[in-house]
Amino acid sequence: MSKYTFRSIEEKWQNFWAQNQTFAASDDAGSQPKFYVLDMFPYPSGAGLHVGHPLGYIASDIYARYKRHKGFNVLHPQGYDSFGLPAEQYAIQTGQHPSKTTQENIARYRQQLDRMGFSFDWQREVRTSDPEYYRWTQWIFIQLYQSWYDPSQDKARPISDLIALFEQGGSSALGQDLCRVLSENLSPELSVFQAADWQAFSQEQREAILSQFRLTYLAESEVNWCPALGTVLANDEIVNGVSERGGHPVVRKKMKQWSMRITAYAQRLLDGLDQLDWPEPLKESQRHWIGRSQGASVVFEVKGHQAHIEVFTTRPDTIFGVSFLTLAPEHELVASLTTAEQKQAVEAYVQASAQRSERERMADVKSISGVFTGAYAIHPLSGAEVPIWIGDYVLAGYGTGAVMAVPCGDQRDYDFAKHFDLPIPNIFKDVSIENEAYALKDPCIIDQSDFLNGLNYSQACAEAIKALEACGHGRGTINYRLRDAVFSRQRYWGEPFPVYYKNGLPQMIDPQYLPLVLPEVDAYLPTEDGDPPLGRADQWAWDTVQKAVVSNKHIDHDKVFPLELNTMPGWAGSSWYFFRYMDPQNKEVFASKEALDYWGSVDLYIGGSEHATGHLLYSRFWVKFLFDRGFISVDEPFKKLINQGMILGESAFVYRTADGKQLVSAGRIQDFDPKELQSVHCDVSMVSLTNELDVEKFIAWRPEYSGAVIVSEEDGTFKVKREVEKMSKSKFNVVNPDDICDQYGADTLRLYEMFLGPLEQSKPWSTAGITGVHGFLKKLWKLYHSGETESFYVSENTPSSEALKVLHKTIKKVNSDIQEFSFNTSVSTFMIAVNELSALKANERGVLEPLVVLIAPYAPHIAEELWSKLGHEQSIAGVAFPEHDPKYLVESSKTYPISFNGKTRFTLDLSMDLSKEEIEFAVLADERTQAQLQGRTPKKVIVVPGKIVNIVG
RNA sequence: GCAGAAGUGGUGGAAUUGGUAGACACGCUGGACUUAAAAUCCAGUGGACAGAAAUGUCCGUACGGGUUCAAGUCCCGUCUUCUGUACCA
């Protein structure tokens with residue numbers, strides 16, 4: 001008697017795979033082609049995995065196993081993004097070292113992952129918080145610091161090249177664009193200099209110049225400061241104005257921070273998207289995030305002032321429609337431009353808008369506010385005087401923080417002008433701006449605009465830019481929404497910067513002293529002086545700097561140099577981890593040249609869409625940088641990317657009266673006043689499939705309801721209300737994959753998660769249908785076991801042609817399903833095949849052996865077991881995947897000419913499996929067909945047994 | 001507001017280039033086995049109408065139009081839901 005005992009089978013094969021290193025990728029695979037399948041590695045949280053996490057892992061595992069069957073040398077690793085805020089928050093509360101928490105969480109994750117039978121090559125595991133890993137994160141940081149972006153070659157180059165340029169030709173060695181960078185940010189004597197000047201500059205002066213170009217640099221930048229967390233947050237770590245983790249308020253604050261010059265790569269990050277096989281919505285959101293807009297920069301002189309105001313516009317064609325300028329309240333010229341009469345009003349307005357939180361400003365988009373400065377600017381082309389206003393609809397962080405207002409062509413300018421009764425000159429021919437602005441570019445002709453009259457949008461833009469450049473008051477330019485990324489965090493649990501300071505100037509620690517390992521501290525909070533937590537490790541800082549200084553001969557050894565006490569953000573380690581898997585043990589380099597060249601980039605990357613503008617953009621940036629500097633040979637990290645949908649939870653709610661004295665079943669709520677009823681989450685494990693609550697368990701769990709009156713249904717049951725929400729511990733709707741594995745096994749879980757629906761779609765988790773999938777595995781098992789005793793049996797006879805048809809139909813479908821990532825339909829395909837083979841009582845090796853290979857990527861444990869029972873000693877992994885033999889299928893592409901009424905010739909498209917007799921019968925039998933034809937000659941006739949279904953004319 | 005995705009039975013969802021709509025599964029109904037339950041197996045299951053039955057006819061893929069011999073699929077308009085994003089000059 002041999003039953004499908006999934007528990008012992010799964011345990012057996014998981015042990016077998018681990019012992020035999022079945023899934024170890026080879027670095028020397030000869031002629032075998034490589035394939036790199038990667039999951040976005042998880043942050044090991046304390047809550048463990050829920051059934052939503054493995055969805056993507058199962059899909060990638062199926063694909064990885066499939067590719068092994070297809071003869072590829074597959075790299076399919078897994079690791080942990082193990083630096084992160086929750087471990088640190090837990091450390092602050094309990095004093096427990098984050099590395100201990102992290103290790104415990106990783107152990108739990110590993111246990112859960114192992115139960116699901118993934119074919120990960122665990123020899124290659126990486127953890128971002130491992131010093132042997134993050135030494136290379138620190139190393140990459142140093143490389144970024146020692147590089148600059150050269151627009152003339154469109155790539156990053158060593159900073160020494162730039163220094164050489166300065167030594168030879170001073171600032172004029174730079175192109176026009178880079179010269180402008182200098183003049184906009186530095187004093188005149190530092191922005192235009194000769195080679196000799198460069199030699200004469202002090203260390204500080206040189207560094208001030210170089211830091212304008214380095215790919216990572218220190219800058220006094222306005223940041224999102226979260227007082228509750230004591231740290232800076234990136235824009236994508238803030239959701240609705242509060243911190244993503246913890247939901248604490250966030251304020252704007254100026255701080256000296258490390259920044260990453262991702263903006264240098266804006267255009268290449270945009271262009272590179274076209275080559276990538278990524279979901280279009282995801283590419284779209286990266287395009288939007290980069291936010292390229294082409295237009296012009298226009299300089300307005302201010303009447304009676306030295307100052308000038310630079311604005312960016314996408315509509316230089318409308319320049320004669322300017323009737324005022326608007327500055328952001330934070331604009332640097334606000335204070336100096338304001339006239340005495342307006343001073344009070346302006347100050348009040350600036351102060352008021354500074355106090356409005358981000359949240360308020362976002363919530364209140366409609367209301368219009370602003371104030372006149374009293375100053376006037378000179379229109380660069382017409383010479384007209386235009387008033388300068390301040391308005392909070394202009395954002396300090398975009399463009400120059402100032403706009404030229406063209407009320408006839410921009411709705412916001414229009415609304416502002418209406419509100420404050422400013423003129424709205426119409427510069428469009430035959431267009432009414434009675435009620436709203438005319439914001440379309442085409443089709444319209446410019447009017448009332450001097451030399452632009454009669455031109456269309458693109459002609460007028462070109463002419464306006466030409467005129468502006470001629471008078472030195474503007475130029476055509478491209479503006480990006482993308483900002484440089486702040487890279488400093490005031491946290492403990494992150495990579496320390498390999499940086500110390502000499503006379504306020506940053507110095508890189510020599511890579512030979514890496515890793516710069518996190519010190520022990522007595523607490524994980526900022527120090528009393530407001531330094532980050534690393535400020536508590538005085539001895540460590542001293543020792544580290546001493547070591548580094550010894551290596552630097554140019555430095556006075558006796559001086560005390562402060563160490564950088566910030567740490568790197570979470571995305572640092574995740575921006576390059578996919579390379580470390582290629583050569584995880586390497587102590588000399590982050591990965592060897594051979595490994596990097598062999599594995600190249602990730603062929604298939606699976607993960608959630610929430611990383612669209614964070615991780616996926618930063619990784620692309622670092623990869624392009626590493627490529628430029630010759631460390632790697634690919635300039636995009638992820639060729640194909642799939643976003644798996646989120647698996648949502650089905651929360652359960654118990655109704656109770658407001659006073660808590662009665663618990664009300666969902667079917668009885670109409671007996672109560674809705675105002676009197678509240679609903680509370682209850683743990684989904686206490687609720688049956690029919691939404692029936694185990695009241696005793698609930699009361700044991702929530703003793704405050706122990707005395708409550710139970711208002712149940714007429715049949716005596718107590719029902720809960722269901723609602724679909726994100727799976728989360730706090731909503732008590734988490735389903736643990738371990739429980740499913742216990743009850744049904746990992747193969748069932750894997751198949752069921754795929755069966756649930758299309759991979760990319762979000763869907764609620766419901767255990768309702770799992771018995772169907774589990775039943776399928778039992779039927780599959782039975783196919784290989786027959787007779788009274790149900791012992792293993794396969795016949796060595798030649799299979800029947802019916803059985804072979806079923807097999808080859810299945811092979812064809814499964815092959816194409818996997819290539820198209822429609823894993824859900826292949827589960828159905830398997831079910832059909834097993835049902836049909838059972839009905840045929842097919843038990844021949846010629847059918848059953850290929851069938852088990854087909855199923856192996858999906859349900860690897862049962863496949864291995866059956867494979868071994870079929871007499872094979874080697875693992876099924878890597879056994880050649882069956883190809884379908886067309887001779888067992890009527891090819892749908894093949895067309896057969898047949899005669900009709902002795903005259904007309906038809907071509908039959910055999911999309912159904914028919915024998916020839918049936919076709920003839922079908923055509924001859926159908927009378928309606930002849931009526932439909934009406935004398936046309938059809939190209940194609942679609943038939944089903946017994947009748948013609950459709951005719952293609 | 002903008003961008004993207006999607007609307008198919010009681011439910012999850014199938015449906016090559018337009019070509020038998022509802023595969024497969026859940027649920028439900030009936031039956032077999034059993035003292036019983038579980039498990040397993042068999043049959044039925046979009047709606048309406050006709051028929052004793054086999055079966056037949058009509059209607060059906062959010063709504064309204066259109067193209068076509070043929071539309072879930074293509075085009076135009078409307079509505080709804082989800083997911084991003086937020087005054088980007």
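Letters A, B, ... mirror the listed sequences (proteins, then strands); counts begin at 1. Bear in mind the structure is a predicted one, so any value in this text is a computation, not a measurement.
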- Message: Between B/U17 and B/G72, how far apart are the two P atoms, rounded to whole Å?
- Response: 15 Å
- Query: Quantified in whole Å, what is the C1' atom distance between nucleotide B/G31 and nucleotide B/A70?
  - Reply: 42 Å
Measure [atom1]/[X] against [atom2]/[N] and give the value in whole Å, please.
X	N	atom1	atom2	answer
A/Lys763	B/G12	NZ	P	13 Å
A/Leu756	B/U11	CG	P	16 Å
A/Asp817	B/C24	CG	P	15 Å
A/Met831	B/G12	CE	C1'	12 Å
A/Asp392	B/A89	CG	P	18 Å
A/Leu327	B/A89	CG	P	18 Å

- Item | Closest nucleotide among B/A14, B/C24, B/A89 to the A/Tyr398 side chain | B/A89
Does the structure show a Watson-Crick or G-U wobble partner for [N], both distances under 3.5 Å? Name it, or say none.
N	value
B/C79	B/G7
B/C49	B/G56
B/A43	B/U29

- Message: Just checking A/Phe324 against A/Phe416, ring centres under 6.0 Å apart?
- Response: yes
- Are A/His379 and A/Phe320 close enough that their ring centres sit under 6.0 Å apart? yes
- Item | Syn-anti status, with the boundary at 90° from 0, for the nucleotide B/G84 | anti
- Do the ring planes of A/His615 and A/His611 sit parallel (below 30°), tilted (30 to 60°) or perpendicular (above 60°)? perpendicular
- Message: What I want to check is whether the side chains of A/Thr263 and A/Tyr480 have a donor and an acceptor closer together than 3.5 Å.
- Response: no
